[in-house]
Amino acid sequence: MNLKIINKFIFYNTILFFFILLNYKIVNSLENRIIFKINDQVFTLFDLEKRKEYLDFVGSSKEIDDSIVLNDFVSANIFFEYYKNTNNEINYSNKLEEIYSNILAANNQNNKIYKY
C-alpha cells in the first residue's frame with residue numbers, strides 16, 4: 001500500500017516538474033521574441049524593454065505609448081547603422097560622459113528612483 005502511494009507521489013511530482021519546465025520555456029521564449037532586424041542584427045522584446053528603461057532614465061516615459069517607444073527604438077537603431085556606415089572618426093566619449101553625468105545629477109536632484 002505504501003509503495004503505491006510513493007509511486008503516485010513520484011509520478012505526480014514528475015508530471016508537475018515537466019509542466020513547470022515546459023511553462024518556463026514558453027514564457028522565456030515569448031520574452032525573447034524577435035521584433036525586427038537591421039543588417040542581420042536581431043532586436044528582441046528584451047532589447048525593447050531595455051530601451052524603455054533608457055527612456056525612463058533620460059526622462060519620464062510612463063505616459064508614452066508602446067508603439068511610440070517601438071518607433072523610437074527602430075529609428076534610433078537605423079540612425080546608428082547609418083552613423084556606422086559614414087565612417088565618422090569623431091570621438092564622442094567625453095561628450096557622452098558629460099551628458100550622462102548631467103542626466104544622472106538631474107535625476108538625483110529630483111529624487112528619481114530606478115526599478116532596474
Side-chain angles (χ1 to χ4, degrees):
M1 185 76 170
N2 285 338
L3 189 55
K4 280 185 174 184
I5 294 172
I6 292 173
N7 282 339
K8 275 186 177 182
F9 180 76
I10 292 173
F11 177 73
Y12 289 129
N13 280 338
T14 305
I15 289 176
L16 180 65
F17 173 75
F18 283 117
F19 179 72
I20 291 172
L21 183 64
L22 178 66
N23 213 9
Y24 172 77
K25 286 190 176 216
I26 290 171
V27 170
N28 193 22
S29 66
L30 288 177
E31 193 171 293
N32 292 322
R33 188 173 56 104
I34 296 173
I35 51 177
F36 68 95
K37 291 182 181 182
I38 299 175
N39 289 344
D40 295 327
Q41 186 174 1
V42 175
F43 297 92
T44 64
L45 288 176
F46 180 75
D47 299 317
L48 184 61
E49 287 301 317
K50 288 296 179 188
R51 182 65 178 183
K52 288 179 184 177
E53 290 175 3
Y54 165 76
L55 291 174
D56 185 46
F57 173 72
V58 297
S60 181
S61 65
K62 292 178 181 23
E63 63 277 350
I64 297 177
D65 188 27
D66 284 345
S67 63
I68 294 173
V69 174
L70 179 61
N71 287 337
D72 169 69
F73 187 49
V74 171
S75 299
N77 281 293
I78 289 173
F79 177 77
F80 182 67
E81 287 298 317
Y82 169 77
Y83 170 77
K84 288 191 318 188
N85 290 334
T86 60
N87 296 324
N88 195 344
E89 298 296 325
I90 300 172
N91 187 356
Y92 293 105
S93 296
N94 292 335
K95 187 65 174 171
L96 290 173
E97 281 294 324
E98 179 186 338
I99 291 170
Y100 174 78
S101 297
N102 291 342
I103 292 171
L104 193 58
N107 287 343
N108 286 338
Q109 185 178 6
N110 294 331
N111 296 324
K112 187 166 185 176
I113 298 173
Y114 305 109
K115 299 176 223 160
Y116 37 88

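Heads up: numbering here begins at 1 and tracks the sequence.
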Which pair of heavy atoms, one from N107 and one from F57, lies closest together, and at what distance?
ND2-O, 2.6 Å
Any idea which heavy atoms bring L70 and L48 closest together, and the distance?
CA-CD1, 4.0 Å
Measure the spacing between NZ of K112 and CG of L104 and express it to the nearest 0.5 Å.
11.0 Å
So for atom OH, which belongs to Y83, do other residues, nucleotides or ligands contribute more than 12 heavy atoms lying within a distance under 6.0 Å?
yes
Is there a donor-acceptor pair closer than 3.5 Å between any side-chain N or O of N110 and the backbone N or O of A106?
yes
Spacing of CD1 belonging to I64 relative to CG belonging to N71, to within rounding of 0.5 Å:
12.0 Å
Hey, does N77 have a side-chain heavy atom less than 4.5 Å from the side chain of F36?
yes
Verify the neighbour count for atom NZ of K37: are there more than 12 heavy atoms of other residues, nucleotides or ligands below 6.0 Å?
no
With a 3.5 Å distance limit and no angle check, can you tell me whether N39 reaches the backbone of Q41 through a side-chain donor-acceptor pair?
no
Please find the pair of heavy atoms, one from V42 and one from D47, that lie closest to each other, and give the distance.
O-OD2, 3.9 Å
For F43 and F73, take the angle between the two ring planes, folded into 0 to 90°, and tell me which bin it lands in: parallel under 30, tilted 30 to 60, perpendicular over 60.
perpendicular
With no hydrogens and no angle check, is any side-chain donor or acceptor of D56 less than 3.5 Å from a backbone partner on K52?
no
Can you check side-chain contact (heavy atoms from CB on, under 4.5 Å) on E98 and N102, steps first, answer last?
CA-CA 6 Å; E98 179 186 338; N102 291 342; 3.9 Å; yes
Can you find a pair of side-chain heavy atoms, one from K50 and one from Y54, that are under 4.5 Å apart?
no
Taking C-beta and beyond as the side chain, do I99 and I103 meet within less than 4.5 Å on heavy atoms?
yes
